[in-house]
Participant: 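Input: one structure, supplied below.
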Amino acid sequence: MTSSGRSITTHNITSHPADNAILVEYSVDNDSTVRSKKVILGDLSSLNDTLALAKKVILKCNCVTEDWIDDVEDVIIELCNRSDLNSSDQQHNADDSDDSVSSEYVQEVCVASLEFLYGTSDEQLSAVNKLLGLCQDVGAMEYLIQNHQLMSALTRLFVELANSSELSFAIGKLFLAFSIVEDFHATLSSYRVGALALEVVELEVRRAWHRSVGATNDVASSLCLATDVDFSSVDLTSRAYTFSNKQEHVILVCLGILSHLADDFDVLRKMTKKSLVCVLSPCLQQKSMQSVLTTLVLLKKASIFEETAIGLSSGDGKVIPKLVHLLQLPSVTINEVTITILYNLSFHDDCVSLMSAENIYSPLVAMMQSSTCCSVFELAYHLSSTEDNRHMFVKEGISPALVDALANVTSNKAIGTGLVGLLVNMTLHPICAEEMMHLGVLDIMFRTVQQASDPFKLQVLLKVARNLSDWTKSLQAMLHQALAFQAPSILGGLVKDSSLYLQSKEASAADITDDCESESESGESSLASLYWDKHFWDARVEFLLQRALQCDNDDLLVEWIGILSNMTSDDLPAGLQWIDILDDNHSKILQLLQRIIEPSESSGRSSSSNDDLRMEVIIWLGELCTSRECSSWIASTDLIEDINSVLRSSLETEGSNEMLLQILLTYQHFLIYNDTRLHVIAGYGVVDAILSCLRREKVLKSTAEMCLFLIEDFDRDEYGELGDIGKSIKSQRYELV
């Protein structure tokens with residue numbers, strides 16, 4: 001439809017809940033935003049020709065096309081019935097000074113309505129509308145629901161195939177009013193109202209499919225509407241459904257009933273077993289936003305069961321793609337409910353695969369930038385558990401959204417668990433870590449760290465910082481290889497653009513190529529590292545050290561020391577080396593390290609916490625031993641003897657292979673320099689302990705062999721002959737192997 005050069009599409013027509021008016025949902029041109037217009041009809045008490053009024057509405061309202069005339073007339077009829085009912089109620093209320101309905105009047109209406117329920121269809125509809133008028137009073141509702149004959153008649157009519165949609169809708173509204181009161185749920189269950197409501201929805205879904213295929217013969221109709229067909233065995237997700245306005249109204253009230261009854265966990269479980277999810281799937285194809293939302297709310301409740309995830313991921317799997325598509329609608333409420341459903345389904349691997357195939361990453365990233373819904377980050381956290389999914393998030397540009405979300409976490413605001421997990425997982429991806437570093441995430445994190453007092457928030461932020469420090473350490477290692485082999489392509493996969501970190505000595509960074517043609521004839525490297533110019537950590541090293549020295553929380557101390565162990569000399573401020581830091585803070589650092597490494601029965605720490613801290617300190621000492629000066633500083637303390645003691649005790653402890661592995665890797669650093677080497681070789685039982693590791697698992701065995709080779713190489717005289725220790729190692733190795 002066009003109006004003033006604009007194309008208008010009508011989406012849905014409903015009655016106004018309070019006024020005699022029609023609500024029209026429509027959109028203009030290519031704008032996906034659904035708008036609403038209220039068409040006031042005025043007094044309908046004396047209306048005789050509903051079709052004429054429907055034509056008049058279409059003529060005057062430019063947002064409704066002629067093909068919607070049946071729906072407009074249906075709404076007008078509904079409003080007329082409601083107007084008659086209101087007039088009757090107003091007359092009754094005028095006779096009573098009290099707001100409550102008298103018991104005599106309730107009984108009178110009940111008796112009259114019960115008689116009409118066995119009459120013609122018009123009489124039945126009028127009777128139900130009369131009963132609806134009593135639902136404004138809880139006492140009247142209690143009387144109605146306790147009337148066995150009345151409830152039996154209503155439940156019988158509710159599911160009769162020959163009944164009109166208007167009657168089913170009216171009875172559904174009556175049961176919906178009952179279901180709002182939790183005390184009535186047991187009575188409704190005794191009349192199987194929930195099961196009947198589900199049957200009505202099934203019937204309307206069959207009718208919608210029958211309408212969509214355009215079947216006109218009686219055989220097709222009987223097959224489509226047959227009530228003895230096992231509905232749960234029919235694949236409904238792959239079909240197309242065309243719901244009329246009347247059908248959507250009936251389904252809306254029935255799903256409302258089911259949603260209220262589903263607040264009871266046992267009832268919800270029974271619904272799920274009675275093909276609830278199979279029925280809900282086609283209902284997602286309704287036109288009305290309210291109908292879709294009601295479907296989603298009930299589906300959200302059912303999504304906590306594994307059977308729901310299995311059902312939605314089996315077959316052709318059309319429901320999950322439909323849910324992903326709903327995330328693009330301009331409805332915050334629908335988006336939030338859909339996200340919660342997908343989050344519950346994300347615990348099932350097959351559902352995650354379907355979400356990934358539908359490219360859920362793009363709408364999720366968009367919602368992160370514009371929504372405060374915690375479930376968005378929780379769903380993204382689940383999806384980010386695999387490397388492939390992390391890559392897809394990076395491809396959709398998640399890094400700025402993460403940095404912005406972190407920036408919005410103030411000192412007095414708790415950080416959501418979803419955002420926490422997502423930050424930790426995504427910083428494992430090298431490109432995401434690089435992008436976040438260039439977006440200034442360290443400034444945001446450490447500003448928050450300085451203000452935060454919550455240990456959990458601190459620990460999470462430090463885990464993220466540790467992942468980022470792992471990336472900078474890996475970057476430096478790869479830069480050394482790129483310089484050695486004159487191949488910037490080595491940085492591929494770790495950074496987006498190698499020219500940001502490597503520069504030719506003869507040309508600008510833009511001239512760098514991945515081949516080695518620019519290598520100088522003298523054999524000297526033609527590339528220079530630009531890492532130090534980035535100044536990622538130099539202004540923060542002192543802060544990291546001081547917070548570690550002052551920390552009395554083991555969980556936080558593990559993270560502080562883990563970050564420090566990733567700091568290289570290129571991460572330090574200009575003119576400062578690690579030996580300078582060690583000398584300036586000698587007593588404090590030594591006291592901290594010895595307190596952690598030395599076995600202590602009175603430390604008050606759990607064994608697992610103590611082991612984690614010891615392991616981090618041992619790793620840090622190995623990383624510090626990168627210069628002769630630092631090795632001399634370490635050798636001047638009793639730290640190596642303490643590590644030797646941990647090695648001997650770990651050999652006698654079950655499940656200590658990880659500790660043994662880290663000690664052996666640290667020994668490899670110690671064995672390079674003379675001062676620390678002597679403390680390792682001369683340590684009581686150290687060589688024998690290393691030899692015993694040859695009988696352990698493969699990784700531990702190969703690491704022990706490397707330590708033994710280093711000891712042998714250094715234990716030689718000026719003529720290259722093995723010393724006593726070297727000979728002993730050689731003989732025992734062959735005996736063990």
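The model shown is predicted, which means the values in this text are computed figures rather than measured ones.
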Participant: Check the pair Ser526, Gln486 against side-chain hydrogen bond (donor to acceptor under 3.5 Å, both in side chains), reporting the backbone distance first and the verdict last.
Facilitator: CA-CA 8 Å; Ser526 61; Gln486 290 293 286; 2.7 Å; yes
Participant: Hey, are Gln476 and Thr568 close enough side-chain-wise for a donor-acceptor pair under 3.5 Å?
Facilitator: yes
Participant: Check Ile561 against Glu616 and note the closest heavy-atom contact, atom names and distance.
Facilitator: CG2-O, 3.7 Å
Participant: Rounded to the nearest 0.5 Å, what separation is found between the OG1 atom of Thr637 and the CD atom of Gln594?
Facilitator: 6.5 Å
Participant: Taking C-beta and beyond as the side chain, do Leu402 and Leu419 meet within less than 4.5 Å on heavy atoms?
Facilitator: yes
Participant: Can you confirm whether the side chains of Thr386 and Asn389 place a donor and an acceptor under 3.5 Å from each other?
Facilitator: yes
Participant: Any idea which heavy atoms bring Arg614 and Ile596 closest together, and the distance?
Facilitator: CG-O, 3.2 Å
Participant: As a quick check of understanding, evaluate side chain to side chain contact (heavy atoms under 4.5 Å, CB included) for Thr676 and Leu671, giving each step before the final call.
Facilitator: CA-CA 6 Å; Thr676 48; Leu671 291 170; over 6 Å; no
Participant: If you measure from CD1 on Ile711 to CD on Gln668, what distance do you get to the nearest 0.5 Å?
Facilitator: 10.0 Å
Participant: Could you tell me whether a side-chain N or O of Ser728 sits under 3.5 Å from a main-chain N or O of Asp724, the two making a donor and an acceptor?
Facilitator: no
Participant: Please answer whether the main-chain N or O of Gly421 pairs with a side-chain N or O of Lys463 as donor and acceptor at a distance below 3.5 Å.
Facilitator: no
Participant: Please step through side chain to side chain contact (heavy atoms under 4.5 Å, CB included) for the pair Gln577 and Ser569, ending with a clear verdict.
Facilitator: CA-CA 6 Å; Gln577 296 297 323; Ser569 57; 3.6 Å; yes
Participant: Evaluate the ring planes of Tyr343 and Phe347, with Trp represented by its six-membered ring, and classify them as parallel (under 30°), tilted (30 to 60°) or perpendicular (over 60°).
Facilitator: perpendicular
Participant: Less than 4.0 angstrom from a charged side-chain N to a carboxylate O is my criterion; do Lys727 and Glu721 meet it?
Facilitator: no
Participant: Atom CG of residue position Asp533 - does it have more than 12 heavy atoms of other residues, nucleotides or ligands inside 6.0 Å?
Facilitator: yes
Participant: When you compare the side chain of Tyr361 with that of Lys395, does any pair of heavy atoms fall below 4.5 Å?
Facilitator: no
Participant: Would you tabulate the side-chain donor-acceptor contacts of residues 426-434 under 3.5 Å, counting partners in other chains and residues two or more places apart, or write 'none'?
Facilitator:
{"unit_1": "Thr427", "atom_1": "OG1", "unit_2": "Leu423", "atom_2": "O", "d": "2.7"}
{"unit_1": "Thr427", "atom_1": "OG1", "unit_2": "Val424", "atom_2": "O", "d": "3.0"}
{"unit_1": "Thr427", "atom_1": "OG1", "unit_2": "Asn467", "atom_2": "ND2", "d": "3.0"}
{"unit_1": "His429", "atom_1": "ND1", "unit_2": "Ile431", "atom_2": "N", "d": "3.2"}
{"unit_1": "Glu434", "atom_1": "OE1", "unit_2": "Lys496", "atom_2": "N", "d": "3.0"}
{"unit_1": "Glu434", "atom_1": "OE2", "unit_2": "Tyr501", "atom_2": "OH", "d": "2.8"}

Participant: I want to check something: taking the side chain as every heavy atom from C-beta on, are Tyr667 and Ile618 in contact at a cut-off of under 4.5 Å?
Facilitator: no
Participant: CG/Leu354 to CG/Leu345 distance, rounded to the nearest 0.5 angstrom?
Facilitator: 10.0 Å
Participant: Taking the side chain from Ser627 and the backbone from Cys630, do they hold a donor-acceptor pair closer than 3.5 Å?
Facilitator: yes
Participant: Would you name the heavy atoms of Leu527 and Ala482 that are closest together and state the gap between them?
Facilitator: CD1-O, 4.3 Å
Participant: Between Leu621 and Ile643, does the side chain to side chain contact (heavy atoms under 4.5 Å, CB included) criterion hold? Intermediate values first, please.
Facilitator: CA-CA 10 Å; Leu621 287 172; Ile643 295 176; 3.8 Å; yes
Participant: Taking the side chain from Ser656 and the backbone from Ser650, do they hold a donor-acceptor pair closer than 3.5 Å?
Facilitator: yes
Participant: For Tyr381, look at atom OH and say whether over 12 heavy atoms of other residues, nucleotides or ligands are found less than 6.0 Å away.
Facilitator: no
Participant: For side-chain hydrogen bond (donor to acceptor under 3.5 Å, both in side chains), just list the numbers for Thr472 and Trp537, CA-CA rounded to whole Å, side-chain angles, deciding distance to a tenth of an Å, and then say yes or no.
Facilitator: CA-CA 9 Å; Thr472 56; Trp537 296 99; 3.2 Å; yes
Participant: So with a 6.0 Å cut-off around NE2 of His438, is the heavy-atom count from everything else above 12?
Facilitator: yes
Participant: Could you tell me whether the side chain of His382 reaches within less than 4.5 Å of the side chain of Val352, counting heavy atoms only?
Facilitator: no
Participant: Near Arg628 CZ, under 6.0 Å, is it more than 12 heavy atoms from other residues, nucleotides or ligands?
Facilitator: no
Participant: Return the minimal non-hydrogen interatomic distance between Ser384 and Asn425, and the atom names on each side.
Facilitator: OG-ND2, 3.1 Å
Participant: Got a donor-acceptor contact below 3.5 angstrom from the Asp642 side chain to the Ile597 backbone?
Facilitator: no
Participant: Could you tell me if His348 and Glu306 have a donor-acceptor pair between their side chains, going purely by distance under 3.5 Å?
Facilitator: no
Participant: Is there side-chain contact between His669 and Leu624, with heavy atoms separated by less than 4.5 Å?
Facilitator: no
Participant: To the nearest 0.5 angstrom, please state how far the CG atom of Leu475 sits from the CG atom of Leu491.
Facilitator: 6.5 Å
Participant: With a cut-off of 3.5 Å and sequence neighbours excluded, list every side-chain donor-acceptor pair involving residues 584-592.
Facilitator:
{"unit_1": "Asn585", "atom_1": "OD1", "unit_2": "Gln546", "atom_2": "NE2", "d": "3.4"}
{"unit_1": "Asn585", "atom_1": "ND2", "unit_2": "Ile581", "atom_2": "O", "d": "3.0"}

Participant: Identify the two heavy atoms, one from Pro455 and one from Asn553, that lie closest to each other, and give their separation to 0.1 Å.
Facilitator: CB-ND2, 4.2 Å
Participant: Hey, does the side chain of Trp560 reach the backbone of Leu462 with a donor-acceptor pair shorter than 3.5 angstrom?
Facilitator: no
Participant: Are the side chain of Ser353 and the backbone N or O of Asp349 linked by a donor-acceptor pair below 3.5 Å?
Facilitator: yes
Participant: Show the numbers, then the answer: is there a side chain to side chain contact (heavy atoms under 4.5 Å, CB included) between Trp633 and Trp578?
Facilitator: CA-CA 10 Å; Trp633 187 93; Trp578 269 116; over 6 Å; no
Participant: Less than 4.5 Å apart, side chain to side chain, heavy atoms only: is that true for Phe670 and Ile634?
Facilitator: yes
Participant: Using side-chain heavy atoms (C-beta onward) and a distance below 4.5 Å, is Cys625 in contact with Ser631?
Facilitator: yes
Participant: Is Val646 close to Met659 at the side-chain level, that is, under 4.5 Å between some pair of heavy atoms?
Facilitator: yes
Participant: Any chance you could measure Met355, atom CE, to Leu364, atom CG, to the nearest 0.5 Å?
Facilitator: 9.5 Å
Participant: Look up atom OH in Tyr684 and atom CD in Glu641, then write down how far apart they are to the nearest 0.5 Å.
Facilitator: 14.5 Å
Participant: List for me each residue that meets side chain to side chain donor-acceptor pair (under 3.5 Å) alongside Asp638, sequence neighbours excluded, and say none if there are none.
Facilitator: none
Participant: Examine the side chains of Arg466 and Asn566 and answer whether a donor and an acceptor come within less than 3.5 Å of each other.
Facilitator: no
Participant: Around atom CD of Glu658, are there more than 12 heavy atoms of other residues, nucleotides or ligands at under 6.0 Å?
Facilitator: no
Participant: Give a yes or no on whether the backbone of Phe536 and the side-chain of Arg540 come within a donor-acceptor separation of less than 3.5 Å.
Facilitator: yes
Participant: Can you give me the closest heavy-atom contact between Ser469 and Ile563, atom names plus distance?
Facilitator: OG-CA, 4.0 Å
